[in-house]
Amino acid sequence: MELQKLFKMKLLLLLFFCVNLQAQPIEFIVAAAVGGPDDTITRKLILKLEEQSNLKFVVINKPGAAHTIGYNYMNQSVQPSLMISNNNIVNNDLYKTSKPVFKLGTFTNIVFVSKASPIKDMKDLIELSQKRQINFAHGGVGTASHKAMSRLCEKILNCLPVPYKGASQAMLDLLNGTVDTFAVVSYGADSFLQNTSYKSIGKITNEDNWVILFGKNLSDKNIETIQNILSGVSLNFFIEMGFN
């Protein structure tokens with residue numbers, strides 16, 4: 001009898017553990033501030049995943065240091081987690097504990113200047129660089145804006161990169177003239193496009209730079225669920241967020 005009671009107790013504990021494990025929310029880590037491009041697309045993805053599954057998520061914002069703080073948090077966490085990044089760091093030690101789950105697409109960057117700027121388009125920007133130095137802002141080495149502006153700088157002989165911790169301060173400095181231009185990933189550019197203080201002068205597409213959903217400590221079932229949902233989403237869903 002005592003053995004039966006002990007067995008039942010262990011069985012109940014095991015069932016309790018499994019139920020709680022199944023109900024455990026997945027951490028969706030955002031290596032950027034609330035309201036930024038990564039945060040925006042993360043929350044849109046969560047809505048899509050939750051409406052088509054029983055999965056639950058909690059957003060963890062870990063901004064700073066060109067996403068390094070977010071990467072380190074993911075490495076140290078023992079919770080099931082997801083995070084958006086790009087293929088340029090797949091082999092980086094920062095991602096040594098995670099693996100690609102789904103390719104979201106390649107991204108487009110929208111190039112902004114202040115409304116008061118004489119620059120009307122990309123051609124104007126290049127021509128102006130022949131007369132004086134162009135200061136272009138970026139969100140830190142390795143970020144999408146850095147890669148985009150570096151590609152643009154290949155066409156501009158006289159340019160100076162100016163690093164920022166996020167888009168907000170860079171866009172403020174566009175208004176006061178500290179920098180001439182800044183590229184924002186299009187899936188997070190809605191607020192800037194609607195702000196009449198800025199104007200877009202063109203786009204830069206990095207066709208070799210994939211945006212990838214990475215995962216860690218996820219069950220095979222959860223990975224399969226996420227992949228099936230995102231594979232079945234219409235192409236417009238990704239296009240609306242700025243992916244090609």
Side-chain angles (χ1 to χ4, degrees), residues 25-50 55-110 137-150 161-172 182-192 204 206 208-218 222-223 226 230 238 241-243:
I26 298 171
E27 291 186 345
F28 212 130
I29 302 162
V30 182
V34 175
D38 289 347
D39 187 72
T40 300
I41 190 174
T42 292
R43 295 178 190 277
K44 289 182 178 181
L45 283 174
I46 286 175
L47 286 175
K48 181 63 65 176
L49 292 171
E50 287 188 339
L55 298 177
K56 297 298 178 184
F57 301 86
V58 56
V59 177
I60 307 292
N61 289 88
K62 293 291 179 180
H67 292 193
T68 301
I69 293 175
Y71 303 152
N72 286 335
Y73 177 86
M74 189 177 198
N75 283 334
Q76 296 168 11
S77 176
V78 296
Q79 304 300 320
S81 56
L82 291 168
M83 185 173 170
I84 295 171
S85 192
N86 58 71
N87 62 315
N88 286 357
I89 58 171
V90 170
N91 297 318
N92 193 302
D93 284 343
L94 292 171
Y95 264 115
K96 59 188 176 184
T97 63
S98 65
K99 60 182 180 181
V101 173
F102 191 82
K103 286 184 176 181
L104 299 172
T106 57
F107 55 70
T108 297
N109 296 269
I110 300 178
H138 65 81
V141 176
T143 62
S145 61
H146 175 248
K147 292 180 175 66
M149 298 311 291
S150 295
V162 183
Y164 284 85
K165 292 184 178 180
S168 298
Q169 186 58 51
M171 298 303 274
L172 285 175
F182 181 58
V184 179
V185 179
S186 54
Y187 58 67
D190 288 351
S191 61
F192 301 120
I204 305 172
N206 291 344
D208 58 341
N209 196 352
W210 280 87
V211 180
I212 298 173
L213 185 61
F214 287 86
K216 177 189 173 186
N217 296 333
L218 297 170
N222 284 351
I223 291 176
I226 292 169
L230 295 181
F238 296 104
M241 290 189 291
F243 293 128

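Nothing here was measured: the structure is a model prediction, and the numbers come from that model. Every heavy atom of this structure was used, including side-chain atoms; hydrogens, water molecules and symmetry mates were not.
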Do Val101 and Leu230 come close enough that some side-chain heavy atom pair is under 4.5 Å?
->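 A side-chain contact is absent here, since even the closest heavy-atom pair is not under 4.5 Å.
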Going by heavy atoms in the side chains, are Leu82 and Leu45 under 4.5 Å from each other?
->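 When only atoms from C-beta onward are counted, Leu45 and Leu82 do not touch, as no gap falls below 4.5 Å.
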Asp39 side chain to Ala33 backbone, donor-acceptor under 3.5 Å |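 No: the side chain of Asp39 does not pair with the backbone of Ala33.
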From [X] [atom1] over to [Y] [atom2], what is the distance, rounded to the nearest 0.5 angstrom?
{"X": "Leu213", "Y": "Met83", "atom1": "CG", "atom2": "CE", "value": "11.0 Å"}
{"X": "Thr40", "Y": "Arg43", "atom1": "OG1", "atom2": "CZ", "value": "8.5 Å"}
{"X": "Leu218", "Y": "Glu27", "atom1": "CG", "atom2": "CD", "value": "11.0 Å"}
{"X": "Ile26", "Y": "Asn222", "atom1": "CD1", "atom2": "CG", "value": "4.5 Å"}
{"X": "Leu49", "Y": "Thr42", "atom1": "CG", "atom2": "OG1", "value": "10.5 Å"}
{"X": "Ile29", "Y": "Gln79", "atom1": "CD1", "atom2": "CD", "value": "10.0 Å"}

Who pairs with Lys48 by side-chain hydrogen bond (donor to acceptor under 3.5 Å, both in side chains), at least two apart in sequence or on another chain?
->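 Listed in chain order: Glu51.
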What's the shortest heavy-atom distance between [X] and [Y], and which atoms?
{"X": "Ala32", "Y": "Pro63", "result": "C-CB, 3.4 Å"}
{"X": "Glu50", "Y": "Leu55", "result": "CG-O, 3.4 Å"}
{"X": "Ala137", "Y": "Ala170", "result": "CB-CB, 4.0 Å"}

Parallel, tilted or perpendicular: which fits the ring planes of Phe57 and Phe28, with parallel below 30° and perpendicular above 60°?
-> tilted
No-hydrogen, no-angle side-chain donor-acceptor test under 3.5 Å, Ser81 and Tyr73 | no
